[in-house]
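Structure first, then comments.
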Amino acid sequence: MQIDAIELNIIAQALGCIPDEMSLSMLRTAYSSILREVRDGATGLLDAEANILAESSLIPVHFGGLPMALRACLDQFPVGDLTPDDVFLLNDPYSGGQHAPDFIVFTPLFAGGRVVAFAGTVAHKSDVGSANVGLGGGSAGDMFGSGLIIPPIKFHRTRDWERGLLQRMVAANSRAPDEVIGDVNAQLAACQTAQLRFDEIVERFGIETITAGGKQLLDYSERRMREAIRALPSGTFYGEDVLEADADEPKDCVIRVRVTVDGDEIIVDFSDTDGQIRGARNASLASTLATAYSCVRAILRDPTIPANSGCNRPIKVIVPEGSVLNPRRPALIMSRMNTIYRAYDALLAAFAQFVPERVVAPGHNSATGMSFSYFNPERRRYQIHADLIGGGNGAGSQNDGADAVNGPLGVTLNVPVEAVENKNPHLRVLSFRLLPDSGGAGRQRGGLAVERTVLVLADGVRLGYYRGRDNRPAPGMFGGGAGALGGCIVTRGDTILRMGSRESMLLETGDVVTLTTCGGGGYGTPDGRDPKRNERDLVNGYVSSEAGASTPTHASVF
Amino acid sequence: MTEYRVGVEIGGTFTDLVLLDERGRIVRRAKVLSTPRAPQEAVFHALDEIAGTPEGRAAVMVHGSTIATNAVLERKGAVTALLVTAGFRDVLEIARQEQTDLYDLKYQSPRPVVERSRIVEITERLAPDGSVVIALDETAALAACAKLFEADRVQSIAICFLHSFQNEVHERRMAELLRNELHWEGAISLSCEVLPEFREYERASTVAMNAYVKPIMDGYLGEIERNIAQRGIRELHIMQSNGGVLPAAQARSHAVRTLLSGPAAGATGAAYDAVRLGLRHAITLDMGGTSTDVCRIADGRIQVTTDYRIDGLPLRVPMADIATVGAGGGSLASVDSGGMLRVGPQSAGGDPGPVSYGRGGTQPTVTDANVVLGLIRPDLFLGGRMPLDVDAARRAIGALADTLGLSSDVTSEGVIRVANTSVGHAIRAVSTARGFDPRDHVLFAYGGAGPLHAALVAEKLGIDRVMVPPDPGLFSAFGLLVADFTRDYVKSEMCDASALASSTVLERFETLETSARADLAAQISEAHGKCTIRYQLDLRYVGQGFELPVDVELEMLREGGNAYIERSFHAEHKARYGHAFGTAAIELVSFRLTLAVPQVIPERAPWQAAKREEPIQRPIYLQGAQRSCAFVRRDALAAGVALDGPAVIGEDTATILVPAGWRVTVHELGHLILERR
């Protein structure tokens, strides 16, 4: 069935708004702050062959894995056996999952009595019973320390979920059962929305047209991507970045990538990347793929190309098994964000050699997590407050990096201070501010990092913390300076306790936790900077002195 | 109340005027070019057009302006300072650390209206329950402000302290200090007055914007008032974003409430007409040259939202819940490199405009497609003052058709269908996405292009009734004249709803009501009629991050207590999201109260046809076929007349299309009612 240019637009619009309505439904009914305020989740519509037809604009990193995850489910449970009451669920990072806290839920979408598509949702769970409460913390030796592992399973919503066996099992394995169950319900609500909207478009267009239209939409995005790739210069360029050693892994781990543009195709080859590491920072294959796809899309930068699996066809990603970007079971996969950010920066370094005007200097490009877990003795419940704090973006050829944003792979929001304090009477936020001089100097300045300080008002609060950069700041590009490094300290009376890159600590009343994030790298040499913009930086206190504006070295905060 | 009333609405291209006589009839109309650099000029030009006539002596003017919006969009507001709790100087810049475009490496955050150098940290602190943790350090605060005033010519001050919605003490004391100790005479905006609502960034953004536009609004209204006083107009009322009007004095101190008044005016007019015509639910369709606005009306009330951003900056005052898409008469059509037909969001606007305007446009637009299909009569466009170049439109569409390998007719209809699909999605955004079925609504169409597209849009959504008011091209100006006086009040107070005594809820509402009535008495004479009050609670399940406003009938609350509140919330949640958690605990976030005083307006006068004229038949292409279509002027159709489609009804400011399969009847008030047969 051939769909003409007119119908193609109309079907693209119809399919495109389903994931957005799904995410609206999911966020509005979500329970945990990590989902409702931070928006760590994603929604998408997939065809029966597990291609993404349309996706919502939440977090890029979640999308790369959805097709893999759905295929893993379909391998176990043939599509012909599904009923409208069936739900797929998984979090296993070796079956298309991201890491244990990210629950992936699919429901089949029926039309004319058969499955023609799937609704897919991902949502980060505040606790799935890992060895440590909250974020960060020491690591178990293998994947079994990361909490409840759910392989691809099929369950009946009415029988197994509403107070059923599965719901009880999941609840029993979490320190925050209400939040986890509430968030899965929000995911199911999003899937329900998808079925309703899908019914409507089937009624409007008919199954045949929708199916054919979906296929042609994938082809269309592929064509547009290939055309965009052809506009890049051909060649092979190399980039690398380093995942620094930590308490679990004594050696630095180098991520190496070779990017080849060959006509209308791009090959992203991580073959020479170092092997899997000890500790929690191995990345799942799904998150590595998502990183490569996101970076290429950002470099090509054409918002008029509908985001679907067709976009990824001209992008070949090679990730050797057993590497830090595609480890072997049962290696622990947990704090993967900071690993894939290094892969992202390696990609930026490679692209900088082809298309210097399209790239930006690396930004803070890390996930800085901070959690306060408190076992409330009266309610006999854990209260977990988790927040991802942003830093500075890298500068581009024509723009300063944005200050205090979350980063290209995890576009998440912070929790309002008034919400933090209202929900957690044992915490008082003392400050939340930009850090002057933290952006790398340059013709274009790197974005500023932030600082948050929190006073603890009760004993027994456990701080969880992780960061992405230890000693290697976000580098500048083309002569720009590096951004500042971040860190975390606990002030207890006269003592200052330094937090390691992934650590947790039991706090006492009166402790003050100070967390800073990293600044972004600068672009071009500082002497080329427009004096008017330097002056504005000074007046507004983004830099504290002329020196701050022109020192190409990073200002380390701790 | 029997006096002439004039409504003047400033739009992007035109400034419109409508004059109602004491019997509610539209007696004069004017459409003049807007003057963006000094918008008041166009207002005076429009008033000049009715000056000197006996009916030109209006007693009241209701005005909708873009002055505050433009001040924000162009960052031409007052030099504003913001005082914040120590530690939170960067509340505006850090915002929610959101990057709204995922794949934009060069992303730039929206620029706050207050420069960082003018944000002053004040030592003070409240706990979440409002108790004082650190007292206001008055000496240090005064010194810091004095220092800022010395360095900078500040024109307006905003104050936003943490948790101030729970306790106003420090914000009020700070304002006192500025007045008494520093002799500050300029504007002060307090967050506890402008928006006593939870979430510090959104509150700070809103109060900063109020401070930013307040002096601009003040100067602008002063100029308008002086001018209209000379014309004998005694009262000036200003349109707000929520669809109600405020006396000019109140609009001055709550300038932020006028930021999105334009689209609200038309929606309010539609709500008024919906009640007159006995419609329960309607969706407005206001299609202009570059975009289309839609808004849902339920039980005669426009739907409002507090989740809105202007230029990326949140503004949490109630405003008409309007969805906008970049599809209008001037939207450009093209085939992209992947072989998909695209329509908009780029627009030819008014200049050069569509190809058929013959003013230099070369790329085909939606209007050109309508011309090629034969739906717009080239000789009668804008009352015949602007003949259209049909051949040029054909050539432009023909080139597009060649690229697609389709006929010109099929291509033209395709352009219309793509544009209509975008409009359909805007309608879904305010209906299905909010849990409402569009088929339960009448589509109420106005704006230059709305009535031409409405029936086709309706058909796709399964809506079988379309309503087109008289003078659709001037409808926003009409809406100004029928809007109620309204004021919204909110007060956050977070607590467990089940532990809350209904007497406490009643008490809180009483407090809000007392201050609302005091405001009312100070501003509006009783002559305007009886006020109505709407009570709402913002509720959510414990653990959720978003609240739902739920209507509360005080009588039911007294009888039913908490169970009534809980029941209402479960029901609202189910309606909105398709499910409810019957056993989960509910949390109260805010009390809301809306006070409205209806305008006393005479009924719309009965419609009278001006002249008799038989329809003529012309060929059109529509719904996949060549057809013969009846063309008739609207003022030739008497009340009660019915006509089967395909028919095209023309008037000076708009064209109304009745497709095949539809029938139009003329309502006694002049509205055209299109129904699917």
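As a basis for the values below, the full set of heavy atoms in this structure was taken, side chains included, without hydrogen atoms, waters or symmetry mates. A note on names: the letters A, B, ... follow the listed sequences, proteins ahead of strands, and every chain is numbered from 1.
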What part of Glu7(A) gets within 4.5 angstrom of chain B, counting heavy atoms only: side chain, backbone, both, or neither?
side chain
Just wondering, do Leu105(B) and Ile299(A) contact through their side chains at under 4.5 Å, heavy atoms?
yes
Closest contact, heavy atoms only, Lys106(B) versus Val359(A)
CE-O, 4.0 Å
Treating Gln97(B) as the side-chain partner and Leu388(A) as the backbone partner, does any N or O pair qualify as donor plus acceptor under 3.5 Å?
yes
With Phe436(B) via ring-ring contact (aromatic ring centres under 6.0 Å, His included) - residues at least two apart
none
Under 3.5 Å, is there a donor-acceptor pair linking the side chains of Tyr541(B) and Asp178(A)?
no
Heavy-atom pair count under 4.5 Å with chain A, highest-scoring of Ser337(B), Ala127(B), Gly339(B), Ser109(B):
Ser337(B)
NZ/NE/NH1/NH2 to OD/OE distance under 4.0 Å, Arg116(B) and Asp403(A):
no
Test side chain to side chain contact (heavy atoms under 4.5 Å, CB included) applied to Glu200(A) and Thr432(B), step by step
CA-CA 11 Å; Glu200(A) 284 171 17; Thr432(B) 43; 4.0 Å; yes
Could you walk me through whether Asn399(A) and Gln108(B) pass side chain to side chain contact (heavy atoms under 4.5 Å, CB included), step by step?
CA-CA 8 Å; Asn399(A) 64 289; Gln108(B) 297 291 288; 3.2 Å; yes
Go through Val133(B), Leu404(B), Thr411(B), Val335(B) and name the one with the most non-hydrogen pairs under 4.5 angstrom from chain A.
Val133(B)
Side chain to side chain, Arg28(A) and Leu548(B), heavy atoms closer than 4.5 Å
no
Let me know if Ala151(B) has heavy atoms under 4.5 Å from chain A in its side chain, its backbone, both or neither.
neither
Tyr201(B) and Glu418(A): side-chain donor and acceptor closer than 3.5 Å?
no
So, the part of Arg224(A) with a heavy atom under 4.5 Å from chain B: the answer is side chain
So which residue, Val429(A), Thr453(A), Asp219(A), Leu196(A), ends up with the most heavy-atom pairs under 4.5 Å with chain B?
Val429(A)
Which answer fits Gln444(A), side chain, backbone, both or neither, if we ask what part of it has an atom under 4.5 Å from a heavy atom of chain B?
neither
Check each atom of Thr304(A) against the heavy atoms of chain B and say whether the ones under 4.5 Å are side chain, backbone, both or neither.
both
Mind listing the closest non-hydrogen atom pair of Tyr103(B) and Arg301(A) along with its distance?
O-CD, 3.4 Å
Tell me which of these, Arg89(B), Glu202(B), Arg203(B), has more heavy-atom pairs under 4.5 Å with chain A than the rest.
Arg203(B)
Shortest non-hydrogen pair, Val417(A) vs Phe88(B), comes out as CG2-CE2, 3.8 Å
Chain A contacts, top residue of His425(B), Met494(B), Glu547(B) (heavy-atom pairs, under 4.5 Å)
His425(B)
Go through the steps to decide whether Asp336(B) and Arg223(A) satisfy the test salt bridge (charged side-chain N to carboxylate O under 4.0 Å, His left out), and finish with yes or no.
CA-CA 11 Å; Asp336(B) 70 18; Arg223(A) 278 199 300 282; over 6 Å; no
Please flag which part of Ala95(B) lies under 4.5 Å from any non-hydrogen atom of chain A: side chain, backbone, both or neither.
backbone
Taking only Lys NZ, Arg NE, NH1 and NH2, and the carboxylate oxygens of Asp or Glu, determine whether Arg428(B) and Glu21(A) approach each other closer than 4.0 Å.
no
Evaluate side chain to side chain contact (heavy atoms under 4.5 Å, CB included) for Leu8(A) paired with Leu341(B), printing each intermediate quantity in order.
CA-CA 8 Å; Leu8(A) 188 61; Leu341(B) 176 67; over 6 Å; no
Between Ile6(A) and Arg417(B), is there a side-chain heavy-atom distance shorter than 4.5 Å?
yes
Okay, Leu217(A) and chain B: the region with an atom under 4.5 Å from a heavy atom over there is side chain
Among Arg358(A), Arg226(A), Glu179(A), the residue with the most heavy-atom pairs under 4.5 Å to chain B is Arg358(A)
Chain B heavy atoms under 4.5 Å from Ala307(A): which part of the residue, side chain, backbone, both or neither?
neither
Let me know if Arg536(A) has heavy atoms under 4.5 Å from chain B in its side chain, its backbone, both or neither.
side chain
Interface check, chain B: of Leu448(A), Val450(A), Ile389(A), most non-hydrogen pairs under 4.5 Å belong to Ile389(A)
Are there over 12 heavy-atom neighbours, none belonging to Arg439(B), within less than 6.0 Å of that residue's CZ?
no
Non-hydrogen atoms of chain B under 4.5 Å away: do they reach the side chain of Gln13(A), the backbone, both or neither?
both
Cut-off 4.5 Å, heavy atoms of chain A, and the answer for Ser422(B) is both
Exercise: identify the closest heavy-atom pair between Thr421(B) and Arg204(A):
CG2-NH2, 4.5 Å
Between the side chains of Asn540(A) and Glu115(B), does any donor sit under 3.5 Å from an acceptor?
yes
Sort Asp152(B) into side chain, backbone, both or neither according to what part of it lies under 4.5 angstrom from a heavy atom of chain A.
neither
Between Ser431(A), Ala186(A), Gly182(A), which has the largest tally of heavy atom pairs under 4.5 Å with chain B?
Ser431(A)
So which heavy atom on Pro416(A) is nearest to which on Arg199(B), and how close?
CG-CG, 4.1 Å
So OG of Ser492(B) and CG of Asn422(A): to nearest 0.5 Å the spacing works out to 10.0 Å
Checking Arg96(B) side chain against Asn414(A) main chain: does a donor-acceptor pair fall under 3.5 Å?
yes
Closest non-hydrogen contact found for Leu434(A) with Asp90(B) is N-OD2, 2.7 Å
Carboxylate-amine/guanidinium proximity below 4.0 Å for Asp104(B) and Arg297(A):
no
Enumerate the salt bridge (Lys or Arg N to Asp or Glu O under 4.0 Å) contacts for residues 419-433 of chain A, please, sequence neighbours excluded, ordered by first and then second residue.
Glu421(A)-Arg125(B), Lys423(A)-Glu587(B), Arg433(A)-Glu451(A), Arg433(A)-Glu121(B)
